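First comes the structure, then the notes that go with it.
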Amino acid sequence: MILYSDSEIVVCIKEKGVLSQQGKPGQKTMIDILSAEYSCEIYPVHRLDKEVSGVMVYAKSAEAAANLSAQVSGREMEKHYIATTQKATLDAEGTM
């Protein structure tokens, strides 16, 4: 699902089971899905594990990818993690 898109970036929800970056031939990746949707090269800026779903930011140009990657490395981009559990109860800090 696309949440936002402009000429430089696309923000989407990566579903569980889909690779956020290139993998082995034949594996379903967000790069392939977005490249087909936008008919352009797509560059990953960060990643999520295959078995995790969540919001991802991808760049539509090498320059945008470099700028966004610098923001990630400089901790200018905030990441928030939310987890659901069925058995364990966590305290307010997220520890058991």
Side-chain angles (χ1 to χ4, degrees):
M1 173 194 301
I2 306 301
L3 301 174
Y4 175 82
S5 178
D6 64 21
S7 62
E8 296 296 321
I9 68 169
V10 59
V11 180
C12 61
I13 296 177
K14 182 193 88 64
E15 295 179 10
K16 177 182 172 184
V18 177
L19 292 171
S20 56
Q21 301 185 80
Q22 294 297 350
K24 297 176 184 174
Q27 288 183 306
K28 186 177 181 182
T29 72
M30 286 304 298
I31 303 272
D32 297 330
I33 293 166
L34 295 172
S35 291
E37 175 76 21
Y38 292 100
S39 300
C40 68
E41 195 160 351
I42 298 293
Y43 301 83
V45 175
H46 58 101
R47 57 193 173 101
L48 284 175
D49 290 342
K50 180 180 176 184
E51 295 307 318
V52 176
S53 65
V55 176
M56 299 274 313
V57 179
Y58 289 89
K60 294 180 179 178
S61 70
E63 183 179 355
N67 290 335
L68 289 167
S69 292
Q71 290 177 35
V72 170
S73 332
R75 299 190 185 269
E76 296 173 48
M77 186 183 290
E78 288 187 33
K79 297 179 187 178
H80 298 270
Y81 296 89
I82 299 170
T84 58
T85 64
Q86 294 178 354
K87 295 183 182 179
T89 302
L90 303 177
D91 63 23
E93 285 75 39
T95 58
M96 295 169 128

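In this text, all values refer to a predicted model and were calculated from it rather than measured experimentally.
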Does any donor atom in the side chain of Asp32 or Ser35 lie under 3.5 Å from an acceptor atom in the other side chain?
no
Shared ILVMFWY cluster between Tyr4 and Met1, side chains joined below 4.5 angstrom?
yes
Can you check whether Met56's main-chain N or O pairs, donor with acceptor, with His46's side chain at less than 3.5 Å?
no
Between Ile31, Ile9, Val45, which is the residue that forms a side-chain contact (heavy atoms from CB on, under 4.5 Å) with Tyr58?
Ile31
For Asp6, is there any backbone N or O sitting under 3.5 Å from a side-chain donor or acceptor partner on Lys60?
yes
For the student: nearest non-hydrogen atoms of Tyr43 and Ala65, plus distance:
CB-CB, 3.6 Å
With a 6.0 Å cut-off (strictly less than), is the heavy-atom count around CD of Glu15, excluding the residue itself, greater than 12?
no
Kindly work out whether a path of hydrophobic side-chain contacts (I/L/V/M/F/W/Y, heavy atoms less than 4.5 Å apart) joins Ile33 to Ile13.
no
Shortest non-hydrogen contact between Glu78 and His80, atoms and distance
OE1-NE2, 3.1 Å
Indicate if Leu68 and Met30 have the same hydrophobic cluster label, given that clusters are the connected sets of ILVMFWY residues with side-chain heavy-atom separations under 4.5 angstrom.
no
Could you check whether Ser20 and Lys50, counting side-chain N and O atoms only, form a donor-acceptor pair closer than 3.5 Å?
no
Val72-Val57 co-clustered via ILVMFWY side chain contacts under 4.5 Å
yes
State the OG1-NZ distance between Thr29 and Lys24, to the nearest 0.5 angstrom.
14.5 Å
Specify the closest pair of heavy atoms between Ile42 and Pro44, including all atoms of both residues, with the distance to one decimal.
O-CD, 4.0 Å
Holding to side chain to side chain donor-acceptor pair (under 3.5 Å), I want the full list of residues that pass it with Glu8, two or more places apart in sequence or in another chain.
Ser61
What is the minimum heavy-atom distance between Leu34 and Cys12, and which atoms define it?
CD1-SG, 4.0 Å
Would you say Leu19 and Val11 are hydrophobically clustered, going by side-chain heavy atoms of ILVMFWY under 4.5 Å?
no
Give a yes or no on whether the backbone of Asp49 and the side-chain of Lys14 come within a donor-acceptor separation of less than 3.5 Å.
yes
Glu63 CD: over 12 foreign heavy atoms closer than 6.0 Å:
no
